[in-house]
Amino acid sequence: MSCFLTNSSVGKKLVMSISGCFLVLFILFHMSMNLTMLFSWQGYNAICEFLGANWYALAGTALLAAGVLVHFVYAFILTIDNYRARGKQRYAVTVQEKGVAWSSKNMLVLGVIVILGLGLHLVHFWSKMQLVEIMGQHASVINGQEFQVINGAAIMMYTFSHWYNVVLYLVWFAALWFHLTHGVWSMFQTVGFANDTWYPRLKCIANIVATLIFLGFAAVAVYCYFTSSPQLIDEMIANPLAH
Amino acid sequence: MAYTLDAKTPAGELAQKWSNHKAAIKVVSPANKRKLDIIVVGTGLGGASAAASLGELGYNVKIFCISDSPRRAHSIAAQGGINAAKNYQNDNDSIYRLFYDTIKGGDYRAREANVYRLAEVSNLIIDQCVAQGVPFAREYGGLLANRSFGGAQVSRTFYARGQTGQQLLLGAYAALNKEIAAGSVKSYPRHEMLDIVIENGEACGIIARNLVTGELERHGAHAVVIATGGYGNVFFLSTNAMASNGSAAFQCYRKGAGFANPCFTQIHPTCIPVHGTQQSKLTLMSESLRNDGRIWVPKKMEDVKAIRSGAKKPSDIAEEDRDYYLERRYPAFGNLVPRDVASRAAKERCDAGFGVNETGLAVFLDFKTAIERLGKETIKQRYGNLFDMYEEITDVNPYEQPMQIFPAVHYTMGGIWVDYNLMTTIPGLYAIGEANFSDHGANRLGASALMQGLADGYFVLPYTIGDYLSKKIQAPKVKTDTKAFDEAEKGVQARIDRLFAIKGTQTVDDIHKRLGLIMWDNVGMARTKESLEKAIVEIQKLRKEFYKDLKLVGTADSFNVELEKALRLEDFLELGELMARDALNREESCGGHFRSEHQTEDGEALRHDDKFAYAAVWEYKGIDNVPEMTIENLEYEFVHRAQRNYKD
Amino acid sequence: MNFTLKIWRQRDAKSQGAFETYKVENISADTSFLEMMDILNNNLIHEGKEPVAFDHDCREGICGMCSMHINGHAHGPSQAVTTCQMYMRKFKDGSTITIEPWRSAAFPVIRDLVVDRSAYDKILQAGGFISVRTNSVPDGNAIPIPKADADESMDAAACVGCGACAATCKNGSAMLFVAARVSSLAKLPQGKVEGARRAKSMVAKMDELGFGNCTNTGACQAQCPKQVSIAHIARLNREFLAAKFQD
C-alpha cells in the first residue's frame, strides 16, 4: 500500500486530490478569518493573537507547508510524466474540444501563478508576523513604522492602501478561481465519487466554492483599499487590541 | 481424381447423434495436449472462441489475424442478435424448432445432423457469453430479453442493443486474452496467411506474411484451423469489411481442400444504395426496419422521372400512385418476406425502370404510415440510432422523406467443405464459421451467423479436433526447414515477385471494381445460363488482363497495403469464376441462388430436389482448368422437404 | 468539391516523417472521408507514387480500426462518429484539411497514418476478462441482473478500442479505455469476483506501457466516437483505490 501513492497513476492522483482538498479547506478557513476584518479589525487581531506562534499554529503551518509542497511537487511529477507520454512528435493542429474547460488543461500554469502569489503573500504578511515571532521578536518595521506581530489588521490595511497590491492580489485570486473551478470537482472524480448525475452538481459546487473564495478574499482587499487612511493605520498601530 | 467424401455423420436418432459421436471420438490426455501445436487463422467469433477454448484445454495455440488486433474481425459488425433455443419466452421454442427453422430457411440444402447439433449447442452459447460478461439486453426483472427475427415464429434472438456481434466478439476476445496472458495462446496480429503447408497429405503449417515488415514466416503445427470468414468481397461492393477476403480459404482449395457450394451468396435487401463509382462499401440498415417500414416505388414512370430530377419529393407522391409491391405480391407476409425474396422483388422493380435514384437502383423504405400510426417519438425510440446513421450518410432526414434502400451482398453460405468433425478433405485442416459451408444451406436466417461461429469455436471443434490429434501424440514438433515449407515459401515469394514484375497501368481497385461489376451483373441476385457463361468468359479475360496490366507500387519488404490487396484480388479472380461455374451447374433455384430459368409461375424460387439435393464440392485442377465436381448427397431422414410459400 | 490535403507521411517507425500536400478534385459531397482517401490513393498509384497508408476496415464505425487526427480532432470534426462515418459535406469546399496519425508515445507510427495500438491489447491481456472456462458456467438466467446495471455495463462496453481517447488527451492517458473495460465488468455480478485484481493489474499495465496520468479534462469523452462517459473513470478510480486500501 505504501508504494501505490508514488508509483501508480491513480495513486498519484489521489495524493493530488487529498492535498488539494486540504488546501481548499485551509483557504476556506483563512477566508472566514479575513472576513472578520469587515466587521471588526480588533476581532481580526484577536484571532491573530490567538494563533501567533503557539505550538498548534506552528504545527498547522508546518502541515500546511507540507500540503503545499506535496501538491506542488506531485503536480510537477505528473506534468513531466504526461509530457513524456504525449510523445516527441506533437500535433500540428490542435483545437479546444467542446465541453472541455480551459482551466482543466492549464492547471499547472494556474498553479504556478497561485504559488507566485503565495510567495508575495508570505513576504507581505507571514514574514512580518509569525516569522518575526518565531525569531523571538515582537514587532517589525515597515516603511519606518513599527507593527506588532499580532497586528495583522494594521499590516493588511497598510498593504492594501497601495492600489498595485490590490491589483496583484486580485489577479492572484482570479487564478485561484480558475484553478478551483476544475480542482474542486476533480478531487471528487479522483477519489471515485462522481457519476453522470453528479457531474453537474459537483461542477456547480466547485463554481460556488471557487466564487465564494474569490469574493471573500477580494472583498477584504477592496474594503481595506477604500477605508484605509494614515490616521486609521496610526490608530491601529497605537492600540491593536483595544476597542 | 474425384473426392471420396465421408461426412462422418453419426448414426442414430437425430437428437442422439452428437452425444453418440462425442462418446465415440478419441480424446487427448492433458500431458499430451501440451506437446501438440494448433494454428488458428482468423480471430472472429469462430477463430477467437476456438483458440481460447483450445488454449484452455492445454494445447499450444498460435493465432493469426490481418488487423492490428483480434478484436477488429468483421464479426464485430453484426447488429441484430444471436439465436438460441432457450424457450425463455415460453412460446414453445425447442431445439427441434430452431433446427427445423434453420433447415427450412436454408431451403433444404444443409446437412441435417450438423444443423441439429448447431441448435443443440445454441443454449450453451448464451450461458457461456453471459458468464463472460456480455451485457445482453435484460428485462426489468433482471432476466434476459429476446426479440423476434425473420424466418421464425418464436422470439428467440438474444441481443445487446444493435451491437450484438461486437459484444460477443469482445467476449471471445476476452477469453482469448485470458489465454494469451496464461501463455497458452500466442498472438500474431498484422499477419496474413498466404499458403497452407501440406506434408504426407496432412496439414502441417502455414506461410504467413508479416504485414509490417513484409517478411515471410513459417509456422508449423499439428493441425491448422481456418476461421477467416466469407468471400463476399469478390463483388467489390458488399457489406463486408474492406479487408475481408477469401484468400486463406482459397489457398486451402488450391492445395486440395474441397470447396462446397461457392455460388450460395446472401443478398441483404436493406442496404443504403450505391451513390456513385467512388463508393467503397455498402452499409447495412438493420432488417428490423421492415417491421414498421413499407417498401414502395412510384406506379407512374413520370413520377419516377420527377423524383430523379428533383422536381418532386417522394413525400409529394399520392398514396394511390405508390406501388407497395411487396404487399401487392405477398399479401400474407407483406414487407416481412425473407431476405432473398425481398431482394429479388426490389431488383424486379428496378429492372422494370422504377428505381428511384439517379442510378435507377433504389427503392423507398417509408415510415410515413408508421409515424402517423405510432407517432414520431415511438419510431425514434425504436430506430433512432439507425435513422441518425442514415442521415449522417445520405444527408436525408428519414422522418420526413423515405429512406432509399437497395440489396447488397452480405454473407456467403458456401465455403470449404467439412465433415461432421469440421475437418476438410485435407487431414489436419479444419474450417469453422462462415469459412465452411456446413450449416446454412442455400440461405442463412438472421441471427444465425453468430450462433454458428461460436458453436463451432466453443463447443464443436475443441472436441472433434482431439479425434485427429489423438493420432499425433507421438509426433514430434513440426519442423519448418523441410522441403514442403521450402516449396510453399518459394511459391509465395514467386507469386509476389510476379505481381511486382507486371508493371502495368491499372490499379488493384480499378480491376477489382470491374470484377465486382461482372459478378453483380451476372452472378448476382438473378442468374441465367447465358449470364453465367458470359461471366466465366469475362472473368477469364479480366484475369489475363490482371497478369498483364496490374500496376503495383511500393516494395515487398515493407508495409504495403496495395500488395495485400493485389494478392487477395488474384484469388478473387479465380474464386469468381468458381462461383459462376457452381451457379451454372446448379440448374435450380434455391435460397440465395436464383436461376431465372427455374421459377414458379409467380416468379418464386423453384427447387429440383430430385436432381440437386446435394452439396457440390469442387476440386482445384489448376488456374485455367475446369475444376472437378464431387457430390455429397444430402439425405433428409427427419424433415420433409416442402416448397416455401409466403403468399398465404 | 475540391480539397487541399496536408498529410503526414512517414516510411516506417524509424524514419523521420513530414507533411506532404496533395490536391483532390471533383469529390462528391456524399463521398465518405475514407473514400476520398481511396480516390487520392488511386490517383497516387496511377502517378507511380506510393499511396498513403491508413488503418480502416469495417467502415461502419464499429471495428475501431480507423484512426486519423483531422484538423485537430481525433476522428475529425463530427461528434460521436469514427473517421469512416464522416462525409465530405462536413467540410468546406476548397478548404485545406490537415491529417495526422495518432500522436502518443505509447502508439508509435508504423507508416504514414498507421500507428501501433498493441498497447491496448496488452492492457486487456493484463486482466480485461472474466476467468471462466468454456462450458463450465451456470444457466444464462441463473443470475438476474438489474436492467439499469446491464445498460450501464453496455454503455461502457460500446468502446471500440480505437485509441482516440489517449490520442486526444493532452496527457496521453488511456484512462477512458481502461475504465470502459473495468467499469463494464464491475457493473455485472460475474465481473465482481475478480474486480479488485482486474483494476490493479490493468492500471499497473497501463502505467508500465507509458500512458500518462488522467487530469480529468474530459477531452477523451468529448472525442470518443462512442461517447463513453468519464463517469467510468470515476468508477475505475473507486475500484482501484478500494482494492489498494484492502491490500
Side-chain angles (χ1 to χ4, degrees), chain B residues 53 56 67-69 71-72 74 76-77 86 88 124 126-128 130-133 135-144 160-161 163 166-167 170 174-175 177-178 180-181 189 212 241-243 275-276 278-281 283 392-395 458-459 462 507 509 551 553-554 558-559 561-562, chain C residues 12 28 30-32 34-35 38-39 42 45-46 48-51 53 55-60 62-65 81 85 87 89 110-111 114 116-118 120-121 124-126 128-135 137-141 144-147 150 153-154 157-158 161 184-185 188 190-191:
Chain B
S53 304
E56 239 167 50
S67 328
D68 72 335
S69 161
R71 69 182 296 160
R72 314 282 185 216
H74 197 54
I76 205 154
K86 281 286 195 187
Y88 281 161
L124 301 176
I126 301 305
D127 302 340
Q128 184 68 28
V130 168
Q132 286 170 344
F136 281 121
R138 290 186 180 260
E139 296 161 354
Y140 281 104
L143 302 180
L144 291 161
R161 296 202 184 134
Q163 292 133 275
Q166 179 198 27
Q167 293 312 313
L170 292 182
N177 281 335
K178 170 171 72 76
I180 291 172
V212 176
M242 299 302 288
H275 64 66
Q278 306 293 9
Q279 189 147 359
S280 60
K281 79 154 273 165
T283 305
E392 189 71 43
I393 294 175
T394 62
D395 210 18
Y458 283 132
F459 299 108
T507 67
D509 281 359
K551 186 176 179 79
V553 291
S558 64
F559 189 93
V561 179
E562 281 302 303
Chain C
D12 51 39
S28 134
D30 290 334
T31 305
S32 78
L34 295 185
E35 283 163 7
D38 292 341
I39 294 169
N42 214 41
I45 299 166
H46 276 293
K49 293 179 189 154
E50 290 194 42
D55 266 333
H56 65 104
D57 200 16
C58 77
R59 298 206 177 184
E60 291 177 22
I62 192 78
C63 77
M65 191 87 174
V81 294
Q85 291 174 296
Y87 287 78
R89 70 179 83 87
I110 290 176
R111 187 185 177 113
V114 176
D116 179 358
R117 284 170 288 193
S118 54
Y120 269 14
D121 281 335
L124 292 179
Q125 284 157 16
F129 47 77
I130 294 174
S131 302
V132 287
R133 252 190 328 280
T134 302
N135 212 9
V137 298
D139 184 85
N141 260 348
I145 300 174
K147 186 174 184 306
S153 173
M154 180 63 212
S184 173
L185 296 180
L188 303 171
Q190 307 91 298

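Within every chain, numbering begins at 1; the chains are lettered A, B, ... in the order of the sequence lines, protein sequences first and strands thereafter. Owing to the predicted nature of the structure, the values given are computational and were not obtained by experimental measurement.
With contacts defined as side-chain heavy-atom distances shorter than 4.5 Å, the pair C:I110/B:F559 qualifies. C:F129 is not listed as a side-chain neighbour of B:I180, based on a closest heavy-atom distance of 4.5 Å or more. With contacts defined as side-chain heavy-atom distances shorter than 4.5 Å, the pair C:D57/B:H74 does not qualify. The shortest side-chain heavy-atom distance between C:H46 and B:T507 falls under the 4.5 Å cut-off. The shortest side-chain heavy-atom distance between B:Q128 and C:V132 falls under the 4.5 Å cut-off. Using a 4.5 Å heavy-atom cutoff, the side chains of C:N135 and B:F459 are in contact.
With sequence neighbours excluded, the residues that form a salt bridge (charged side-chain N to carboxylate O under 4.0 Å, His left out) with B:R161 are C:D155. With sequence neighbours excluded, the residues forming a salt bridge (charged side-chain N to carboxylate O under 4.0 Å, His left out) with B:D127 are B:K86, listed by chain and number.
At a 4.5 Å heavy-atom cutoff, the contact between C:S131 and chain B is made by backbone and side-chain atoms alike. Contacts between B:T394 and chain C at a heavy-atom distance below 4.5 Å involve the backbone alone (N, CA, C, O). For B:E392, the parts sitting under 4.5 Å from any heavy atom of chain C are the backbone and the side chain alike. Heavy-atom distances place both the backbone and the side chain of C:L124 under 4.5 Å from chain B. Only the side chain of C:R89 comes within contact range of chain B, with heavy atoms under 4.5 Å apart. Contacts between C:Q125 and chain B at a heavy-atom distance below 4.5 Å involve backbone atoms as well as side-chain atoms. Residue C:I45 touches chain B through both its backbone and its side chain, counting heavy-atom pairs closer than 4.5 Å. Looking at C:I145, both its backbone and its side chain come within 4.5 Å of chain B, counting heavy atoms on both sides. Contacts of B:E56 with chain C are made by side-chain atoms alone, with heavy-atom separations under 4.5 Å and no backbone atom involved.
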Verdict with reasoning, B:D68 to C:Y120, per side chain to side chain donor-acceptor pair (under 3.5 Å) | CA-CA 10 Å; B:D68 72 335; C:Y120 269 14; over 6 Å; no

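Of the listed residues (C:Q190, C:M65, C:R111, C:E50), the one with the most heavy-atom contacts under 4.5 Å to chain B is C:M65. Per-residue heavy-atom pair counts under 4.5 Å with chain B were compared for C:S32, C:G191, C:G48, and the maximum is reached by C:G48. Comparing B:M242, B:H275, B:Q163 by heavy-atom pairs within less than 4.5 Å of chain C, the highest count is held by B:M242. Between chain B and the residues C:D116, C:I62, C:T134, the most heavy-atom pairs under 4.5 angstrom are made by C:T134. Top candidate by heavy-atom pairs under 4.5 Å with chain B, chosen from C:D12, C:V114, C:L34, C:V81, is C:V114. By number of non-hydrogen pairs under 4.5 angstrom with chain B, the leading residue of C:D38, C:T31, C:N42 is C:N42. Contact tally against chain B (heavy-atom pairs below 4.5 Å) for C:A157, C:S184, C:A53: the top residue is C:A157.
Between the B:Q166 side chain and the C:A158 main chain, a donor and an acceptor come within less than 3.5 Å of each other. A side-chain donor-acceptor contact under 3.5 Å links C:N141 to the backbone of B:L144. For the pair B:Q278 (side chain) and C:E35 (backbone), a donor-acceptor distance under 3.5 Å is absent. A distance-only check finds no donor-acceptor pair linking the side chain of B:R72 to the backbone of C:H56 [under 3.5 Å].
A pairwise comparison of heavy atoms in C:P51 and B:V553 identifies CD-CG2, 3.5 Å as the closest pair. The two residues C:K147 and B:E139 come nearest to each other via the heavy atoms CB-O, 3.8 Å. Closest heavy-atom contact between C:V137 and B:A131: CG1-CB, 3.4 Å. Of all heavy-atom pairs between C:A150 and B:P135, the closest is O-CB, 3.9 Å. Considering all non-hydrogen atoms of both residues, C:G161 and B:R71 come closest at N-NH2, 3.5 Å. Across all non-hydrogen atoms, the minimal contact from B:A241 to C:C58 is CB-CA, 3.7 Å.
In this structure, CD1 in B:I393 is found 12.5 Å from CZ in C:R59, a value given to the nearest 0.5 Å.
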